Amino acid sequence: RQVTLGIQSTYGQLYGPWIIVSDPSGARDDTRENAPSARICGLTSRIMDGGNHLSNGGKLLPGALDLTARFSQQEYASLGAMQVNLITDRLNVGVRIGDDFTLSNGVNDPRKFGSVRRWLGYFKQSVESALIEVVFSPANKTLFADIDSAITTFLLQEYNKGALFGNTPQDAFQVII
């Protein structure tokens with residue numbers, strides 16, 4: 001991946017192979033080969049309706065009838081090690097997205113998982129929006145209490161949606177101002 005593409009990003013994801021879909025033009029051949037990107041974006045968008053923390057890995061890819069290529073177990077392992085998200089059609093359960101990795105190089109970087117990356121982006125935007133009012137407030141105990149309250153409220157809502165792991169909110173997160 002890096003040798004051929006030179007890409008390292010916690011925002012990008014690479015999927016393959018291309019998929020076979022019904023041809024909407026009604027041409028003589030009733031199917032055509034397509035890059036999976038548009039369908040994956042649509043699927044990810046629908047999944048995110050349930051929460052930004054949800055992964056599209058293992059999900060059925062709507063409209064995909066077949067794959068343009070199949071990989072051996074060795075090829076699958078090799079491509080997976082490069083964080084290529086393979087689309088599979090195993091055990092006749094439909095065409096599914098195999099993984100949800102970003103193009104991050106960090107072995108221990110949690111942002112290598114697409115769902116984590118999406119949630120962190122969502123968290124950042126949400127906190128920035130919640131704190132826009134306090135940008136010009138004087139730095140005092142009231143300000144820090146307001147910041148703590150806004151972030152704690154947001155994280156508690158995320159915990160209640162299942163986005164944060166822990167038996168209690170205290171196990172799941174801690175806000176330190």
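The structure displayed is predicted, hence computed values, not measured ones.
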### Message
I want to know whether F165 and Y159 have ring centres closer than 6.0 Å.
### Response
no
### Spacing of OG belonging to S55 relative to CH2 belonging to W119, to within rounding of 0.5 Å
16.0 Å
### Cationic N near anionic O, under 4.0 Å, R118 to D100
yes
### Task
Check whether any side-chain heavy atom of I19 sits under 4.5 Å from a side-chain heavy atom of I87, and report yes or no.
yes
### Task
Check L43 against N56 and note the closest heavy-atom contact, atom names and distance.
CD2-CB, 4.3 Å
### Message
Would the distance check show the side chain of R39 and the main-chain N or O of P62 forming a donor-acceptor pair, the cut-off being under 3.5 Å?
### Response
yes
### Query
Quick one: are W18 and P36 in side-chain contact, heavy atoms under 4.5 Å?
yes
### Message
My understanding is that only residues two or more places apart in sequence, or in another chain, count here; which of them pass side chain to side chain donor-acceptor pair (under 3.5 Å) with E75?
### Response
S72
### Query
Which heavy atom in Y76 sits nearest to a heavy atom in F71, and how many Å separate them?
N-CB, 4.2 Å
### Query
So, N140 side chain and T142 main chain: donor-acceptor pair closer than 3.5 Å or not?
yes
#### Entry: side chain to side chain contact (heavy atoms under 4.5 Å, CB included) evaluation trace for H53 with Y122
CA-CA 9 Å; H53 63 287; Y122 167 67; over 6 Å; no
### Connected via hydrophobic side-chain network under 4.5 Å: L54 and I40
yes
### Task
Write down the atom of P17, the atom of L67, and the distance for their closest heavy-atom approach.
CG-CB, 4.1 Å
### Query
When you measure from the side chain of S78 to the backbone N and O of Q74, does any donor-acceptor pair fall under 3.5 Å?
no
### Query
Would you say R96's side chain and T88's backbone share a donor-acceptor pair under 3.5 angstrom?
no
### Task
Determine whether more than 12 heavy atoms belonging to other residues, nucleotides or ligands lie under 6.0 Å from atom CG of N160.
yes
### Query
Does Q83 reach the main-chain N or O of F101 with its side chain, forming a donor-acceptor pair under 3.5 Å?
no
#### Entry: Test item: D99 and I97 side chains (from C-beta on) under 4.5 Å apart, heavy atoms
no
#### Entry: Pairwise distance CD1(I151) to OG(S126) - rounded to 0.5 angstrom
11.0 Å
### Query
So, the side chain of T153 versus the backbone of S149: is there a donor-acceptor pair under 3.5 Å, distance only?
yes
### Task
Step through the shown structure and confirm whether more than 12 heavy atoms of other residues, nucleotides or ligands are within 6.0 Å of CD on E128.
yes
### Query
Side chains of L65 and V95: does their closest heavy-atom pair fall under 4.5 Å?
no
#### Entry: Side-chain donor-acceptor contact under 3.5 Å, R117 with T102
no
### Query
Roughly how far, to the nearest 0.5 Å, is the OG1 atom of T68 from the CD atom of E33?
5.5 Å
### Query
Just how far is it from atom CG of L155 to atom CD of E158, taken to the nearest 0.5 Å?
7.5 Å
### Main-chain N/O of L14 paired to N85 side chain as donor or acceptor, under 3.5 Å
yes
### Query
Under 4.5 Å between side-chain heavy atoms, hopping through other hydrophobics if needed: is there a path connecting V21 to L61?
yes
### Query
L60 and L86: same hydrophobic cluster, using ILVMFWY side-chain contacts below 4.5 Å?
no
#### Entry: Single-linkage hydrophobic cluster, 4.5 Å side-chain cutoff, Y15 and Y11 together
no
### Message
By the definition side chain to side chain contact (heavy atoms under 4.5 Å, CB included), identify the one residue from L164, T152, L156 that meets it with P169.
### Response
L156
#### Entry: CZ on F113 to OG1 on T10, rounded to 0.5 Å
13.5 Å
### Task
Give a yes-or-no answer on whether the side chains of D23 and T31 include a donor-acceptor pair shorter than 3.5 Å.
no
### Task
Evaluate the side-chain proximity of I20 to R32: yes if any heavy-atom separation is below 4.5 Å, no if none is.
no
#### Entry: Reported CD1-to-CG distance for the pair I177 and D146, which is rounded to 0.5 angstrom
10.5 Å
